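Note sheet for the following structure.
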Protein chains: 2
Amino acid sequence: MTMDFSRDKPIYSQLVDRICGDILKGKLELGDRLPSVREYAVETGVNVNTVQRVYKELEAMNITETKRGQGTFITSNEERIELLREEMKNQLAENFLTSIEALGFSKEEMLVVLKNKA
Amino acid sequence: MTMDFSRDKPIYSQLVDRICGDILKGKLELGDRLPSVREYAVETGVNVNTVQRVYKELEAMNITETKRGQGTFITSNEERIELLREEMKNQLAENFLTSIEALGFSKEEMLVVLKNKA
DNA sequence: CATAGTGTAATATGTGACTAGTACACTATG
DNA sequence: CATAGTGTACTAGTCACATATTACACTATG
């Protein structure tokens with residue numbers, strides 16, 4: 001595959017985002033097994049250690065569970081995923097509002113722009 | 001002063017944002033002279049080179065003009081500033097929409113969250 | 001129990017972004 | 001022309017990130 005990564009953010013971080021997105025979008029389902037670190041490394045054209053870091057982060061976020069010798073699985077805890085969804089939504093919104101304020105735009109002004117886009 | 005900086009973004013970049021914000025907010029006016037690199041370095045508790053990089057970025061964006069031996073001044077070109085305002089507004093909006101999509105949220109869903117915040 | 005497939009750990013290396021220290025070049029001012 | 005105040009250039013150090021390599025620990029499967 002050899003994915004293309006943006007250069008303004010660590011690869012491991014982009015992969016975490018991607019997997020989270022896939023979970024929230026339903027592309028990955030609760031209890032699903034992720035590819036092995038070695039598989040995923042080849043798929044994405046990245047080093048095994050980088051994938052390991054990705055899986056480590058995901059586990060620290062409690063959205064995956066790792067079983068040695070078996071693989072890494074998405075948690076079956078639906079509440080956790082729902083919580084994740086809310087957390088990320090909130091974080092996104094707050095970051096946005098912070099940026100808006102820092103640059104001196106008003107919320108209303110930005111809402112108009114957003115509505116008129118895509 | 002010794003400003004406090006977030007650790008997830010380069011200092012110079014945060015300073016650029018800050019100055020752009022101050023301009024857009026009207027805290028800094030067209031033609032104003034910015035502090036000298038050394039002054040600003042002391043004010044913010046940062047190295048001179050970091051400030052220099054900030055001023056360099058600003059100049060590359062055509063929002064300041066630098067005169068050796070005299071100082072760095074905010075452009076008097078009002079059109080440029082207006083353009084900057086539109087650019088940043090657009091960029092902000094687009095980045096936001098990209099993130100939303102990547103995580104599988106809908107625009108409408110996020111607009112609701114935004115309206116109910118701050 | 002052998003084997004192949006999991007995740008994990010440790011170490012070394014290269015690279016680029018960021019920051020810092022120091023010295024230089026230009027300009028205004030007296 | 002001396003001086004102090006500008007911006008600028010050069011060099012070096014630090015750190016996070018990614019990679020490469022190797023070895024280890026656990027589990028399923030035959």
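Just so it is clear, the structure is predicted and the values come from calculations on it, not from any experiment. Hydrogens, waters and symmetry mates are skipped; everything else that's a heavy atom, side chains included, is used.
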When A:Asn49 and A:Tyr55 are each assigned the nearest nucleotide of DNA chain C, the 5'-most assignment goes to A:Tyr55

Main-chain N/O of B:Ser6 paired to B:Gln14 side chain as donor or acceptor, under 3.5 Å
yes

Look at all strands and tell whether A:Val48 reaches a base, only sugar-phosphate, or nothing, counting heavy atoms closer than 4.0 Å.
nothing

Under 4.0 Å between any heavy atoms, over every strand shown, what does B:Arg53 touch: base, sugar-phosphate, or nothing? Just pick one.
sugar-phosphate

Could you state the atom-to-atom distance from NZ of B:Lys56 to P of D:dT8 in whole Å?
8 Å

Strand contacts (DNA chain C) in residues 59-73 of chain B, 4.0 angstrom heavy-atom criterion
B:Arg68, B:Gly69, B:Gln70

For residues 7-17 of chain B, which residues have at least one heavy atom under 4.0 Å from DNA chain C?
B:Pro10, B:Ile11, B:Tyr12

Output yes when at least one side-chain N/O atom of A:Asn47 is less than 4.0 Å from OP1 or OP2 of D:dA18, else no.
no

Could you state whether [X] and [Y] fall into the same hydrophobic cluster, counting links through intermediate Ile, Leu, Val, Met, Phe, Trp or Tyr residues with side-chain heavy atoms under 4.5 angstrom apart?
{"X": "B:Ile100", "Y": "A:Val113", "value": "no"}
{"X": "A:Leu103", "Y": "B:Leu83", "value": "no"}
{"X": "A:Tyr12", "Y": "A:Val48", "value": "yes"}

Please collect all salt bridge (charged side-chain N to carboxylate O under 4.0 Å, His left out) contacts where either partner lies in residues 105-118 of chain B, sequence neighbours excluded, each pair once.
A:Arg85-B:Glu109, A:Lys89-B:Glu109, A:Glu94-B:Lys117

Can a side-chain donor-acceptor contact be found between A:Gln91 and A:Asn95 if the only test is distance below 3.5 angstrom?
yes

How many angstroms lie between atom [atom1] of [X] and atom [atom2] of [Y], to the nearest 0.5 angstrom?
{"X": "A:Lys27", "Y": "A:Arg18", "atom1": "NZ", "atom2": "CZ", "answer": "6.5 Å"}
{"X": "A:Leu114", "Y": "A:Phe96", "atom1": "CG", "atom2": "CZ", "answer": "4.5 Å"}
{"X": "B:Met88", "Y": "A:Phe105", "atom1": "CE", "atom2": "CZ", "answer": "7.0 Å"}

Would you give me the side-chain donor-acceptor pairs under 3.5 Å for residues 57-65 of chain A, sequence neighbours excluded?
from	atom 1	to	atom 2	distance (Å)
A:Thr64	OG1	A:Glu59	N	3.3

Reading DNA chain C 5' to 3', which nucleotide is the first, and which the last, to come under 4.0 Å of any heavy atom in chain B?
C:dC18 to C:dA28

When B:Asn47 is tested against each of B:Thr50, B:Thr44, B:Asn49 for side chain to side chain donor-acceptor pair (under 3.5 Å), which residue passes?
B:Asn49

A:Leu34 vs A:Leu28, side-chain contact (heavy atoms from CB on, under 4.5 Å): CA-CA, chis, key distance, verdict:
CA-CA 9 Å; A:Leu34 295 178; A:Leu28 291 173; 4.0 Å; yes

Salt bridge A:Arg80-A:Glu87, side-chain N to carboxylate O under 4.0 Å
yes

As a test of your reading of the structure, name each stem of DNA chain C as range with range, where a stem is three or more consecutive Watson-Crick or G-U pairs at under 3.5 Å.
C:1-30 with D:1-30

